[in-house]
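Chain identifiers are assigned alphabetically (A, B, ...) following the order of the sequence lines, protein sequences preceding nucleic acid strands; residue numbering begins at 1 within each chain. Remember, it's a predicted structure, so these values are computed and weren't measured experimentally.
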Protein chains: 2
Amino acid sequence: MNQTIALLKSHRSIRKFTEQAVSDDLVAEIVACGQAAATSSNVQATTVIRVRDPETRASLAACAGGQPYVADAPVLLMYCADLSRSAVACDIAGGEFHPGMTEHFMIATIDVALAAQNAVVAAESLGLGICYIGGIRNKPQEAADLLKLPEQVYPVFGLCLGFPDQNPEVKPRLPLSAILHEEHYCADQVVSGIGDYDPVVREYYKTRTGGTKDSNWSQEMSSLVGKESRPHMKEFLSMRGFQMK
Amino acid sequence: MNQTIALLKSHRSIRKFTEQAVSDDLVAEIVACGQAAATSSNVQATTVIRVRDPETRASLAACAGGQPYVADAPVLLMYCADLSRSAVACDIAGGEFHPGMTEHFMIATIDVALAAQNAVVAAESLGLGICYIGGIRNKPQEAADLLKLPEQVYPVFGLCLGFPDQNPEVKPRLPLSAILHEEHYCADQVVSGIGDYDPVVREYYKTRTGGTKDSNWSQEMSSLVGKESRPHMKEFLSMRGFQMK
């Protein structure tokens with residue numbers, strides 16, 4: 001196991017940071033590492049907005065459901081999927097932008113995730129801790145307004161960065177056999193993998209919460225996919241110009 | 001610049017591989033590194049299908065538009081967004097799966113991209129080269145059939161892996177100023193960034209193709225977003241159970 005692999009395997013979200021500042025140069029380096037990730041047809045659909053203003057950050061924290069680190073982490077980066085830049089380029093080249101395609105939405109969203117994950121690896125290699133803030137999609141229109149996003153841009157998630165002031169354990173994952181299949185999808189591996197994983201998750205929560213949380217993966221998934229999730233998303237994306245044609 | 005950052009910044013797609021085999025253990029390690037990435041609400045929506053069968057690989061290569069490395073690379077991994085596993089878990093817990101939400105689709109797709117990018121970093125740290133195969137979405141239903149995917153699972157992209165038999169230069173990216181904004185979106189930075197980048201891209205293509213490709217980024221974007229892209233995608237996703245509600 002080399003150093004990079006050890007780093008990848010040691011990831012856990014950090015939600016409590018020391019007051020040590022992260023220099024602008026370091027942030028630039030981290031975002032640039034994101035740029036180095038693969039990008040579909042070189043579209044480079046990622047825009048990162050660094051928010052420093054305490055009021056804006058408090059408002060974004062409220063959008064995300066009140067997580068205090070969104071307001072307080074040394075660095076908050078808002079990762080946005082941006083087809084506006086490509087539309088501008090298309091205009092420069094005399095072409096006519098074709099908005100609203102599902103595939104373009106997917107390309108842009110995947111691009112952002114690849115860039116962000118590279119940035120995360122870079123940050124962690126520098127001793128920083130990170131936390132993705134998907135909760136920003138609770139109130140995405142408010143976030144888009146705060147960030148003054150033009151059409152064809154939407155906030156995918158936030159990313160909090162800073163030097164860790166906690167050391168949580170790495171969360172156990174599904175057994176590899178539930179994830180990695182040979183030749184074709186194998187439902188049996190999935191069922192048996194869940195069976196093996198459920199007690200592991202229950203034990204993890206028990207240990208982590210001193211016994212107050214008693215739940216397994218199946219129960220967590222039942223909470224997650226057993227109900228509507230952000231039902232505003234379709235309308236929000238459509239308003240931003242992502243009509244899923 | 002530490003070793004991991006140097007690695008991230010040296011990424012370029014590899015499309016020609018030596019015949020050196022990649023061991024099953026190495027593939028398992030790479031996929032496991034993907035599992036270590038952040039995942040929204042621990043949903044772990046990534047399923048990886050390793051395809052070895054030459055006929056299936058040839059068919060997948062045809063789906064992707066005939067790229068020979070899809071058939072020939074030492075390893076082909078198909079990265080799929082999988083909410084079926086969560087649906088099974090939900091059923092185990094006695095819940096009722098709520099299919100078709102846009103947000104669930106996004107969570108699953110982003111999850112796959114985060115896991116894949118971690119796997120890519122792991123692979124490159126081991127001296128392997130990689131190439132994402134988004135082209136699989138040219139004929140996603142054929143790919144889904146070949147992989148025997150159940151409902152609530154779709155192929156996001158393929159990933160070719162192997163030891164590099166070429167050493168292409170790193171592709172230049174947009175200037176950081178076009179990507180990284182402060183406090184809010186800054187359209188001026190975008191326009192001036194494109195202006196700086198267009199001649200760089202033209203020079204890159206000229207050098208790389210010995211003068212036969214004469215195009216800049218704006219022109220490339222005009223080709224990409226100036227027309228419909230995979231117009232079958234909406235219907236395909238809907239048929240898989242991702243109705244974008």
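Residues A:I5 and B:L126 are in side-chain contact: their nearest non-hydrogen atoms beyond the backbone lie under 4.5 Å apart. Taking 4.5 Å as the limit, some side-chain heavy atom of B:K9 sits within range of a side-chain heavy atom of A:C33. With a 4.5 Å cut-off on side-chain heavy atoms, A:M106 and B:L237 count as touching. When side chains are defined from C-beta on, A:R173 counts as touching B:Q44, because their heavy atoms get closer than 4.5 Å. Looking only at side-chain heavy atoms (C-beta outward), A:E29 and B:M1 come within less than 4.5 Å of each other. The shortest side-chain heavy-atom distance between B:M101 and A:M233 does not fall under the 4.5 Å cut-off. Looking only at side-chain heavy atoms (C-beta outward), A:T4 and B:Q3 stay at 4.5 Å or farther from each other. Taking the side chain as every heavy atom from C-beta outward, A:N42 and B:K171 approach each other to under 4.5 Å.
For chain B, the nearby part of A:I194 is the side chain; its heavy atoms alone come within less than 4.5 Å. If you measure heavy-atom distances from A:E96 to chain B, the contacts under 4.5 Å come from the backbone alone. With a 4.5 angstrom heavy-atom cutoff, B:T39 touches chain A via backbone and side-chain atoms both. Interface residue B:L7: only side-chain heavy atoms are found under 4.5 Å from chain A. Heavy atoms of A:K148 lying under 4.5 Å from chain B belong to its backbone as well as its side chain. Heavy atoms closer than 4.5 Å to chain B are found in both the backbone and the side chain of A:F97. Contacts between A:V156 and chain B at a heavy-atom distance below 4.5 Å involve the side chain alone, from C-beta outward. Heavy-atom distances place the backbone of B:T46, and not its side chain, under 4.5 Å from chain A. Neither the backbone nor the side chain of A:A187 has a heavy atom closer than 4.5 Å to any heavy atom of chain B. Interface remark: A:S10 contributes no atoms to any contact with chain B (heavy atom separation under 4.5 Å). B:P231 touches chain A through backbone and side chain together, each having a heavy atom under 4.5 Å away. Residue B:V120: no heavy atom, backbone or side chain, is found under 4.5 Å from chain A. If you measure heavy-atom distances from B:N2 to chain A, the contacts under 4.5 Å come from the side chain alone. Using a 4.5 Å cut-off between heavy atoms, A:V170 does not touch chain B at all.
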Apply side-chain contact (heavy atoms from CB on, under 4.5 Å) to A:V51 and B:E183, showing your working.
CA-CA 4 Å; A:V51 183; B:E183 301 300 347; 3.7 Å; yes
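Nearest heavy-atom pair across A:C90 and B:S222 is SG-CA, 3.7 Å. The heavy-atom pair separating A:A37 from B:Q117 by the smallest distance is CB-NE2, 3.9 Å. Across A:S218 and B:A89, no two heavy atoms sit closer than the pair CB-O, 3.3 Å. Smallest separation of non-hydrogen atoms from B:R85 and A:V190: CG-CG1, 3.4 Å. Contact detail for A:V225 and B:S86: the closest heavy-atom pair is CG2-O, 3.8 Å. Taking both residues in full, the closest heavy atoms of B:H11 and A:A36 are given as CD2-O, 3.4 Å, listed atom of the first, atom of the second, then distance.
The distance from atom CG of A:D82 to atom NE2 of B:H181, rounded to the nearest 0.5 Å, is 7.0 Å. Separation of atoms CD1 (B:I107) and CZ (A:R137) is listed at 5.5 Å; rounding is to 0.5 Å. How far NZ of B:K227 is from NE2 of A:H98: 10.5 Å, rounded to the nearest 0.5 Å. Note that CD of B:E228 and NZ of A:K245 are 8.0 Å apart. Values are rounded to the nearest 0.5 Å. Atom CD1 in A:I110 sits 6.0 Å away from atom CZ in B:F157 (nearest 0.5 Å). Here the OH atom belonging to A:Y185 is positioned 11.5 Å from the CG atom belonging to B:L147, to the nearest 0.5 angstrom.
Counting heavy-atom pairs closer than 4.5 Å to chain A, the top-ranked of the candidates B:L8, B:T102, B:V121 is B:L8. For the options B:A38, B:G134, B:S40, heavy-atom pairs under 4.5 Å to chain A are most numerous at B:A38. Listed options A:L77, A:L114, A:T109 were ranked by heavy-atom pairs under 4.5 angstrom with chain B; first place goes to A:L114. Of the listed residues (A:V43, A:L146, A:D91, A:V88), the one with the most heavy-atom contacts under 4.5 Å to chain B is A:V43. Ranked by heavy-atom pairs under 4.5 Å with chain B, the first of A:G95, A:A113, A:P99 is A:A113. Heavy-atom pairs under 4.5 Å with chain A were tallied for B:I179, B:T47, B:L76; the largest tally goes to B:I179.
Using a distance-only test at 3.5 Å, with no hydrogens or angles considered, a donor-acceptor pair links the side chain of A:H104 to the main chain of B:L224.
When each of A:H232, A:R230, A:K234 is checked for a side-chain hydrogen bond (donor to acceptor under 3.5 Å, both in side chains) with B:E103, only A:R230 meets the rule.
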